[in-house]
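Single-structure report; data block below.
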Amino acid sequence: MYFFSHSVWFINGYYAEQNLGTMLFSQLAFGVDLFFVISGFVICLSSEKETSALHFIIKRVFRIYPVMILLIIALAIYSDLEFNSKSVETVLRAIIPLHKDYESKPPFFGYNFYGPAWTLTYEIFFYSIFSITFLSKNNKLRWLYCSLLCLLSVCIIQFIFNGHVTLVNYKSLVPTIPHLTWLLSIASSPMLVDFVFGMIAYALYKHFPRKFNGESFRYGLIFLVLLSCLIIQSGIMMPNHNPMDFGFQFLHGPRKWGVVAFVIVACAVIYEKNFGLNRYGSLKKLGDISYSFYLFQLFTFSFITNFGKSHGITGFSQVFFALFINIAASYLLFTFVEKPSIKIARKIINKV
């Protein structure tokens, strides 16, 4: 989704409908909220039998950082950054990862030096909160404890510094406090509620009764998913209900795209539990490389922009060429970076 939302400018201006790319793909930035909701669900599901916070952290660190660090360093080299204290600080800040400017518009905060990594700041903060729940011996309630911690973090910090609580991202900016602004900005961000939605979807998945397996219930779930997709694509959630607008800062978060993502994920997991889904090897492989696919697109779009101009490749041809390159590069990253990193994490866990 996120890939195609960035493909808009390869399509606009090359067909009879000048804004065809915007019409087709601008709403697919919704994929960020969907990713956060899925992440909340998957982390709860995958850690059901996990008993050690240290093991959980090791797995997450070796899952997230190796590819990200490699690509950030590659971008620094590609960008011809001068080797000085400022450039070193920029790269290290990106690797942590932190956003560029916590006085700019949330939830992006000026993005990250390595563009796509802006979302990973929220992801890693969520992991840190989830790791706290290992203090409880009741692993069945981790989803609830983590949800409460996330909600308390958002509400308490916003109330203390702003005097009110909002789930609107662009209104959640906290005052500048030296050395703490970055932490308070992330800890008070409504984006954390997207993860809470994912954990609620997990609770529904675990506790929703299987007896609801009639055809009317099946088609009801399918209808809700299709209706949610229609709402996203129609653009009616835009500030002026215009799908041609780019107002992502108004759409990310629990009040708009987040709640729609929750409906999609909740319906999908309940459907899978009650009716089952066919397993397709090709889709599993795409899922395996999805993280590298998401991160590498910055290089893909940079390359395809220059290559397209010099070789006359435009429009959908340019998009599909970029898609092929991104899939191939992602497969290589998964095979030679991600998989070895996961194996290293397992070896460390066995020795700890």
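Listed for the K59 side chain is no donor-acceptor partner under 3.5 Å among the backbone atoms of A345. When atom types are taken as modelled, the side chain of T300 and the backbone of A322 share no donor-acceptor pair closer than 3.5 angstrom. A donor-acceptor pair is defined here as one N or O able to donate and one able to accept, closer than 3.5 Å; no such pair exists between the side chain of S302 and the backbone of F299. E338 places no side-chain N or O within 3.5 Å of a backbone atom of V67 that could act as its donor or acceptor partner. A donor-acceptor contact shorter than 3.5 Å is absent between the side chain of S136 and the backbone of T133. For Y111 (side chain) and D101 (main-chain N/O), no donor-acceptor pair under 3.5 Å exists by modelled atom type. A donor-acceptor contact shorter than 3.5 Å is absent between the side chain of S39 and the backbone of F35. No donor-acceptor pair under 3.5 Å is formed between the side chain of Y145 and the backbone N or O of N138. Looking only at distances, no side-chain donor or acceptor of D194 sits under 3.5 Å from a matching main-chain atom of V37. No donor-acceptor distance shorter than 3.5 angstrom exists from the side chain of S189 to the backbone of I186, with no hydrogens or angles considered.
Checked against a 6.0 Å centroid threshold, the rings of F130 and Y202 do not count as neighbours. For F301 and F10, the ring centers sit closer than 6.0 Å to each other. Between Y291 and Y294, the gap from one ring centroid to the other reaches at least 6.0 Å. Ring to ring, F126 and F36 are not that close: their centroids are 6.0 angstrom or more apart.
Closest heavy-atom contact between N112 and A94: OD1-CB, 3.2 Å. Minimum interatomic distance between S228 and V263 (heavy atoms only, all atoms of both residues): OG-CG1, 3.4 Å. Nearest heavy atoms, L298 versus G115: CD1-N, 3.5 Å. Of all the heavy atoms in V269 and A201, the pair that sits closest is CG2-O, 4.0 Å. In terms of heavy-atom proximity, K256 sits nearest to V259 at O-CG1, 3.2 Å. Closest heavy-atom contact between N213 and F275: O-CE2, 3.3 Å.
A ring-ring contact (aromatic ring centres under 6.0 Å, His included) with Y102 is found for one member of F109, F108, W182 and no other, namely F109.
Criterion: ILVMFWY side-chain heavy atoms under 4.5 Å apart, direct or through other members. Under it, I342 and Y127 are not part of a common hydrophobic cluster. A chain of hydrophobic side-chain contacts below 4.5 Å, direct or via other Ile, Leu, Val, Met, Phe, Trp or Tyr residues, connects I200 to V42. F159 is not connected to I156 by any chain of hydrophobic side-chain contacts under 4.5 Å among Ile, Leu, Val, Met, Phe, Trp and Tyr, and they are in different clusters. In terms of hydrophobic clustering, with Ile, Leu, Val, Met, Phe, Trp and Tyr side chains grouped at heavy-atom distances under 4.5 Å, F195 and V165 are assigned to different clusters. In this structure, I73 is a member of the same hydrophobic cluster as L75, with clusters built from ILVMFWY side-chain heavy atoms closer than 4.5 Å.
Residue R63 qualifies as enclosed at atom CZ: its count of foreign heavy atoms under 6.0 Å is above 12. The environment of F324 atom CZ is sparse: at most 12 non-hydrogen atoms of other residues, nucleotides or ligands sit within 6.0 angstrom. For R218, the CZ atom sits in a packed shell: over 12 heavy atoms of surrounding residues, nucleotides or ligands are nearer than 6.0 Å. When the shell of 6.0 Å around OH of Y271 is examined, it contains more than 12 heavy atoms from other residues, nucleotides or ligands. Counting heavy atoms of neighbouring residues, nucleotides and ligands inside a 6.0 Å radius, atom CZ of F208 exceeds 12 of them.
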Could you go step by step and tell me if D288 and F293 meet the side chain to side chain contact (heavy atoms under 4.5 Å, CB included) rule? CA-CA 9 Å; D288 289 339; F293 184 91; over 6 Å; no

Check step by step if side chain to side chain contact (heavy atoms under 4.5 Å, CB included) holds for L295 and L120. CA-CA 10 Å; L295 284 184; L120 298 182; 4.1 Å; yes

Carefully, step by step, assess V193 and M191 under the rule side chain to side chain contact (heavy atoms under 4.5 Å, CB included). CA-CA 5 Å; V193 182; M191 293 299 286; over 6 Å; no

Side chain to side chain contact (heavy atoms under 4.5 Å, CB included) between Y331 and K285: does it pass, once the steps are laid out? CA-CA 9 Å; Y331 177 77; K285 289 179 181 178; over 6 Å; no

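In this structure, K86 does not pair ionically with E89, as no charged nitrogen and carboxylate oxygen lie closer than 4.0 Å.
For the pair I72/V91, a side-chain contact is recorded, criterion being any heavy-atom separation below 4.5 Å from C-beta on. Side-chain contact between W257 and I232 is present, with heavy atoms from C-beta onward closer than 4.5 Å. The closest side-chain heavy-atom distance from R279 to L277 is below 4.5 Å. Within the 4.5 Å cutoff, side-chain heavy atoms of H55 are placed close to those of E50. Counting only heavy atoms from C-beta outward, the side chains of L286 and Y280 never approach each other to under 4.5 Å. Counting only heavy atoms from C-beta outward, the side chains of I57 and R60 never approach each other to under 4.5 Å. Side-chain contact between P107 and W118: present, with at least one pair of heavy atoms (C-beta onward) separated by less than 4.5 Å. Residues P97 and Y114 are not in side-chain contact: their nearest non-hydrogen atoms beyond the backbone lie 4.5 Å or more apart.
Taking CZ from R93 and NZ from K100, the interatomic distance works out to 10.5 Å, rounded to the nearest 0.5 Å. The distance from the OH atom of Y15 to the OG1 atom of T314 is 6.0 Å, given to the nearest 0.5 Å. The CG atom of N162 lies 10.5 Å from the CD1 atom of I157; values are rounded to the nearest 0.5 Å. Going from atom OG of S87 over to atom CZ of F113 covers 9.0 Å, rounded to the nearest 0.5 Å. Expressed to the nearest 0.5 Å, how far CG of L332 lies from CD1 of I327 amounts to 12.0 Å. Summarising the geometry, atom NE2 belonging to H99 is positioned 14.0 Å from atom OG1 belonging to T181; distances are rounded to the nearest 0.5 Å.
Classification of the F217-F212 ring pair by plane angle, with boundaries at 30° and 60°, yields tilted.
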